[in-house]
Structure formats: C-alpha cells, structure tokens
Amino acid sequence: LRDVNMTIRKGEKIAIVGYNGAGKTTLIKLIMRFYDVSEGEILYNGVNIKEYDPEAYRERIGTVFQDYKIFATSLAENVLGREYREGDDEQVLAALSAADFDEKLSRLEGGIQTHMTREFDDKGENLSGGEQQKLSLARIFADRTPFVLLDEPSSALDPIAEYTMFENMMRATEGRSVIFISHRLSSAVLADRVFLMDG
C-alpha cells in the first residue's frame, strides 16, 4: 500500500471497495496491528497506535474476518465470547435478532443453549455457511466496542440477505465507527462514505 490517506470520524460508517488484491484486507490488518506500517502512521484518537498496549487496543475493536470460527459450545456462548451467565438472555437475543438469525433460532430445540457443532455433542447443531456468518456478526452486536472492522462479513449470503444484514448492522452499530469491506455496491451505498482502493 502506498499513498493511503483517510480520516474516519467517530460514529462514521465507511465502506471500502476495490478489486481482489487491491489491499483492502491488508489495510484492515494494519489497523488491527497484526503487523506495523513500514512508512507513515496510523492514529487512533490522534495517538499513533504503536503507543497503545496491543491487547488493550484490540479490545476496543470488534471484528469479523472471512475466516471466522464457530466454537463447540452453546449458541449463547458463541455470541458472548465468554461463559454464559444468568441474565445474559436479552443481550444474546438482541444480538441474534440484529444479525437476522431469528428464523434459525426459532427452529433450534434448545434455543440459545443449543450446542454448536457435533464435536462434543452428537445432538449439536451444524450451521450453514450463511448461518455461521450471521452468528459471527451477532458477536459484534453483543460486544459494544467503539470501533468495528468487517472484512467481507456477508460473502456467504445472497444479495437480499446481505442487504438486510447491512441495514441491521447500521442500526445496531449506531454511534460506533465502522469500516466494512464489501464486493457488492448495493451494500456500500448504506455507508456514510465509500473509499475505492485502486492501483
């Protein structure tokens, strides 16, 4: 990447579009500090991200990458990213609803306590690719990080499901800064600004 220069304001929704290999995922990984820039700098609240403790910095960012994982535990714990506690139901159900998972949830006999995968439970639920993607997005809605990065979070969804998911995402992340990579311009139009990466 060369000559990339952008400012993202608090609460802004940004779409990044461009051909495969243009550097969209690389940009996301640099923002996450999976590796550092060799020139220039990335600032968060006006401070170079290298000045922050990496773990504390990343805890402020919710992410969904293309290689998301579903864990062999309950649906609720997959959403929360931690052990389920009494009183978590409302948070889990709201997150699943925002991720358009309601229809699937209504068919799960154990509800939010249904075990995901059959790795440790023969009666566990194996989700389709699109359902897995919705579940990974529910994690973003359950976790109130101020900054959200989404790297093609809807590649397994059909165009209508993707548009619905992005509409829900815009509502559920109100007041939070969001950067999302999308190959479909129909989703990008929901953003406040669109950056095209080219050349």
Side-chain angles (χ1 to χ4, degrees), residues 13-22 24-25 28-29 32 61-82 84 88-145 147-174 176 178-191 194:
K13 309 296 187 276
I14 300 294
I16 298 179
V17 299
Y19 292 111
N20 286 338
K24 302 181 299 294
T25 298
I28 295 290
K29 289 180 176 179
M32 284 293 295
I61 305 172
T63 58
V64 176
F65 289 105
Q66 295 169 39
D67 56 348
Y68 50 82
K69 296 284 185 276
I70 303 302
F71 302 103
T73 184
S74 72
L75 175 60
E77 289 179 338
N78 263 281
V79 171
L80 294 166
R82 59 168 170 78
Y84 173 82
D88 283 336
D89 289 32
E90 190 178 325
Q91 181 182 4
V92 172
L93 291 170
L96 289 169
S97 183
D100 200 26
F101 199 85
D102 290 333
E103 187 184 334
K104 179 64 178 181
L105 180 61
S106 69
R107 298 196 308 269
L108 297 178
E109 204 171 303
I112 63 172
Q113 296 305 329
T114 302
H115 207 85
M116 295 292 101
T117 81
R118 296 200 177 114
E119 190 175 346
F120 301 120
D121 185 344
D122 291 341
K123 295 179 182 174
E125 185 74 20
N126 284 328
L127 302 177
S128 71
E131 290 163 350
Q132 288 181 42
Q133 230 162 17
K134 288 178 180 181
L135 174 52
S136 67
L137 276 164
R139 295 170 183 158
I140 294 291
F141 302 137
D143 189 10
R144 299 299 302 168
T145 56
F147 196 38
V148 176
L149 298 174
L150 306 168
D151 188 358
E152 292 190 67
S154 54
S155 57
L157 303 179
D158 63 67
I160 294 170
E162 181 188 51
Y163 189 81
T164 301
M165 183 274 295
F166 272 107
E167 279 191 313
N168 291 341
M169 181 192 74
M170 294 303 177
R171 278 194 298 273
T173 58
E174 196 171 339
R176 301 159 76 186
V178 179
I179 296 178
F180 65 91
I181 293 173
S182 178
H183 274 301
R184 293 194 184 121
L185 293 178
S186 57
S187 305
V189 299
L190 295 169
V194 179

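These values consider heavy atoms only, across backbone and side chains, with no hydrogens, waters or symmetry-generated copies.
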**Q** Mind running side chain to side chain contact (heavy atoms under 4.5 Å, CB included) on I14 and V178 for me, showing each step along the way?
**A** CA-CA 6 Å; I14 300 294; V178 179; over 6 Å; no
**Q** Can you name the nearest heavy-atom pair linking Q113 to A76, along with the distance?
**A** NE2-CB, 4.3 Å
**Q** Taking only residues two or more places apart in sequence, or in another chain, which ones meet R82 in a salt bridge (charged side-chain N to carboxylate O under 4.0 Å, His left out)?
**A** D88
**Q** Just wondering, do I61 and V148 contact through their side chains at under 4.5 Å, heavy atoms?
**A** no
**Q** Applying side-chain hydrogen bond (donor to acceptor under 3.5 Å, both in side chains), can you list everything that pairs with S128, at least two apart in sequence or on another chain?
**A** E131
**Q** Would the distance check show the side chain of R176 and the main-chain N or O of T145 forming a donor-acceptor pair, the cut-off being under 3.5 Å?
**A** yes
**Q** Tell me, do L127 and K104 make a side-chain contact under 4.5 Å, heavy atoms counted?
**A** yes
**Q** Considering residues at least two apart in sequence or located in another chain, which fulfil the side-chain hydrogen bond (donor to acceptor under 3.5 Å, both in side chains) criterion with T73?
**A** E77
**Q** How close do T114 and E125 get, heavy atom to heavy atom, and via which atoms?
**A** CG2-CB, 4.0 Å
**Q** Closer than 3.5 angstrom, by distance alone: can the side chain of K13 be matched with the main-chain N or O of L190 as a donor-acceptor pair?
**A** no
**Q** Give, for atom CG of L150 and atom CG of L137, the distance between the pair rounded to the nearest 0.5 Å.
**A** 6.5 Å
**Q** Hey, are E109 and K123 close enough for a salt bridge, meaning a charged N less than 4.0 Å from a carboxylate O?
**A** no
**Q** Going by the rule side-chain hydrogen bond (donor to acceptor under 3.5 Å, both in side chains), which residues pair with D89 if we only count those two or more places apart in sequence or in a different chain?
**A** Y84
**Q** Kindly say whether F180 contributes a backbone atom to a donor-acceptor pair with the side chain of K24 at under 3.5 angstrom?
**A** no
**Q** Can you tell if the side chain of V79 reaches within under 4.5 Å of the side chain of F141, non-hydrogen atoms only?
**A** no
**Q** Give the minimum heavy-atom separation between V17 and A188, together with the two atoms involved.
**A** CG1-CB, 4.1 Å
**Q** Mind checking what makes side-chain hydrogen bond (donor to acceptor under 3.5 Å, both in side chains) contact with E103, not counting sequence neighbours?
**A** R107
**Q** Let me have the donor-acceptor pairs involving side chains of residues 91-102, under 3.5 Å, with sequence neighbours excluded, atom names and distances please.
**A**
unit_1, atom_1, unit_2, atom_2, d
Q91, NE2, A142, O, 2.7
S97, OG, D102, OD2, 3.0

